[in-house]
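As C-alpha cells, the structure follows; a few thoughts come after it.
Protein chains get the first letters and strands the later ones, always in sequence-line order, with residue 1 at the start of each.
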Amino acid sequence: MHLHLPGLALPVLLLVVWQYFGGTGMLPSLSSVAEVLIHPSRDLLSCGSLLWSTSVSVVRVVLGLLLSILLGTPLGFAMGTSRVFRRFTSVVTELARPLSPLALLPLSIVIFKDTNLAEVFGAEHLKYSRHILNELQLGMMFILAWGGVFPVILETMHGVRSVRNVYLEAARVLGAGKLYTLRHVLFPAALPDIFAGYRMAAGRCWMVIIAAEMLPGTNSGLGYLIRYSYQLSRFDVMLACIFVVSVIGLLLSRGLEAAGEKSLLLRAGER
Amino acid sequence: MSFRVRGLSKTYKDPQGIPFQAVGPVDLNVPEGQFLCLLGPTGCGKTTILRLLSGLEEPTSGSCDTGSGKLSYVFQQGALFPWLTVESNVSFPLRANGTGKREAEAASRRILEQVGLSGFEKSFPHELSGGMQQRTALARGLVTEPDLLLLDEPFGSLDERTSIALQDMVYELCTRLFTTVVFVTHNIEEAVYLGDRVVVMGHRPGRIARDEVVSLPRPRDRMSSDFTDLMLSFRRTFEELVEPS
C-alpha cells in the first residue's frame with residue numbers, strides 16, 4: 001500500500017471529525033481508543049490483553065488456512081486435471097460452496113464438542129492456564145477450513161485448467177512424463193491462480209473467525225472481545241478491536257500477495 | 001535417422017461437425033541426415049504433419065514410422081517455459097528423462113555456448129529478445145542430440161537479419177550432429193537456402209505438390225543466379241497452388 005498525500009487526507013479528516021464529536025453519546029473519545037491501542041499488553045475486561053486476543057484469532061486463522069490449503073490444493077489439482085473426478089465431485093462442491101461456514105457452527109460443536117488442541121495433544125496440565133493450545137478448538141478449525149477450502153479448490157482448478165496447451169505439448173514432445181509435467185509445468189504455470197486462491201481463502205477465514213468468535217463455542221479472540229465489550233458497554237475497547245481486525249485483515253492479504261508476487265511477475269512476462 | 005511416411009492423412013471436424021481433410025494422403029521417404037524443408041502457404045497442413053510425426057496427434061489413416069530414434073520439436077513461438085531460466089529451459093528435456101542435475105547443466109551450458117547465449121544462463125525468457133528466445137528454443141531442441149528434429153517455422157516471427165543469422169546456425173548445428181531435420185516454413189528463400197530437399201505442399205487437403213532435391217553448392221549465395229532461378233521456379237509452383245480468391 002502506498003501512502004500519499006491525497007490518500008491520507010480522508011483518514012485525517014475522519015480523525016478530526018471523530019476528535020470533535022468523540023466522547024459525546026455512544027462514541028468514545030479518540031484518546032480513549034488510542035489508549036487501548038497504545039497499551040496492547042494491558043489486560044482488558046479480564047479477558048487477557050489485546051495482544052493475546054489478537055494472537056488467538058490469528059493463530060486460529062493461520063491453522064485453518066493451512067488446513068484449507070493442504071486439503072484444497074490437491075483436490076483442485078485433481079479436479080483440474082481429471083474430467084471424471086471433476087464431474088464426480090461437482091454436485092457436492094457446488095452445493096457446499098455457497099454454504100456459509102457459520103451455518104455449520106452448531107453442527108461442528110455437536111461433532112467436535114469443545115475439544116481443543118491441548119486435549120488432542122494430551123497436554124492436560126495446561127487446562128487452567130492461559131495457553132494458546134486451549135483456545136484452538138477443533139470445531140473452529142473445521143469451520144475455518146470449510147470457509148477457506150473452496151476458494152483454494154476453485155482457483156487451483158481454474159489455474160490448472162487454463163494452463164496454455166502449448167506448454168503441455170512442449171513438455172510432452174520433450175519427453176516429460178505425467179508426474180514430471182505435473183510438478184514442473186502444471187504447478188508453476190498455475191501458481192499465480194493458486195496464490196490468488198490462498199489470498200481469497202485468507203480473507204474469508206478472517207471474516208469467518210471474527211463472526212464465529214461472537215457465537216457460542218468459544219470465549220476468546222478478537223470477535224469475542226468485541227461482543228463482550230459491547231455487553232459491558234466498553235466502546236473504547238470495541239473500536240480498538242475493530243481497528244485491529246481491519247489492520248490484520250489487510251496484512252494477511254498483502255502478505256500473501258507479496259509471497260505470490262514472483263509468480264505473477266513471470267506470468268506478466270509471458271508472450 | 002531415416003524415416004518413411006505412408007499414406008498419411010488427417011481429418012478434422014469443424015465446429016459444425018463437418019469433417020474436412022487437413023492433410024493427405026502423403027508419402028515421404030526421408031534418408032538419414034537429410035535437411036528437409038517443408039514449404040507451403042499458411043494453412044496447408046504443414047504443422048499438422050509435424051504434429052503427426054511427433055505423435056502429438058494420431059493420424060486418421062496411414063502411418064509415420066519414426067522408429068525408436070530420439071525426436072525433438074521446436075515450436076513456432078518457442079514455447080519456452082516462462083517460469084524457468086534459460087538454462088533450466090534447456091536442461092528440461094534431459095532432466096525429464098532422468099539425467100542428473102550436474103550432467104544436464106553441463107550439457108545445457110555447452111549447447112548454449114554453441115548457440116551464442118553464454119552469459120544468459122540465469123536470465124528468464126521474457127528478458128531476452130525474440131531472436132535470443134528462439135536460440136534458447138533451438139538449444140532446448142538440440143540438447144538431447146536428437147536423431148530427428150522437427151522445426152515449426154522457428155524464425156517466422158523474427159526480422160530478416162536475425163533470421164538469416166539463425167538459419168546458418170541451425171544448419172551448422174544439425175549437420176554436426178547428423179540430425180535428420182524437417183523444417184517447416186512458408187518462406188521460399190529460407191527453404192531454398194537451407195534445404196537439401198524442398199517439398200512443396202498444396203492446399204486443402206495438404207498434399208505434396210513438388211518434391212525436389214536442391215543441389216546448389218554450400219555455402220549458398222542468395223544473390224547467385226542459380227539461387228534466384230530456383231526461388232522463382234518455386235514461386236511459380238506457389239502461384240499455381242493458390243486458388244484465385
Discussion item. Take a 6.0 Å sphere around CZ of A:Phe88 and say whether it holds more than 12 heavy atoms from other residues, nucleotides or ligands.
Written reply: no
Discussion item. Quick check on A:Leu179: does its CG atom have over 12 non-hydrogen neighbours (other residues, nucleotides or ligands) under 6.0 Å away?
Written reply: no
Worksheet entry | Ring centres under 6.0 angstrom apart (B:Trp83, A:Phe187) | no
Discussion item. Around atom OH of A:Tyr180, are there more than 12 heavy atoms from other residues, nucleotides or ligands closer than 6.0 Å?
Written reply: yes
Item to complete: Check whether any side-chain heavy atom of B:Arg51 lies under 4.5 Å from a side-chain heavy atom of A:Glu169, and answer yes or no.
Response: yes
Discussion item. Please determine whether the number of non-hydrogen atoms from other residues, nucleotides or ligands lying under 6.0 Å from atom CZ of A:Phe85 exceeds 12.
Written reply: yes
Discussion item. Can you tell me if B:Glu160 has over 12 outside heavy atoms packed within less than 6.0 Å of its CD?
Written reply: no
Worksheet item: Within the side chain of A:Arg172, is there an N or O that forms a donor-acceptor pair under 3.5 Å with the backbone of B:Gly55?
Response: yes
Discussion item. Using side chain to side chain contact (heavy atoms under 4.5 Å, CB included), reason through A:His184 and B:Phe81 one step at a time and then give a plain yes or no.
Written reply: CA-CA 10 Å; A:His184 294 278; B:Phe81 302 124; over 6 Å; no
Practice prompt. Check the surroundings of atom CE in B:Met132: do more than 12 heavy atoms from other residues, nucleotides or ligands lie under 6.0 Å from it?
Written response: yes
Fill in: Choice from B:Leu56, B:Val74, B:Leu94 maximising heavy atom contacts with chain A below 4.5 Å
B:Leu56
Fill in: A:Arg86 atom CZ, neighbour heavy-atom count above 12 within 6.0 Å
yes
Item to complete: Evaluate whether atom CZ of A:Arg183 has more than 12 neighbouring non-hydrogen atoms of other residues, nucleotides or ligands under 6.0 angstrom away.
Response: no
Worksheet, complete the sentence: Against chain A, residues from residues 25-40 of chain B with at least one heavy atom under 4.5 Å, in numeric order, are none
Worksheet item: How far does CG of A:Leu174 sit from CG of B:Asn97, to the nearest 0.5 angstrom?
Response: 9.0 Å
Worksheet item: Is the distance between the ring centroids of B:Phe75 and A:Tyr167 less than 6.0 Å?
Response: no
Response to the item:
Scored by heavy-atom pairs under 4.5 Å with chain B, the best of A:Ala170, A:Ala176, A:Gly177 is A:Ala170
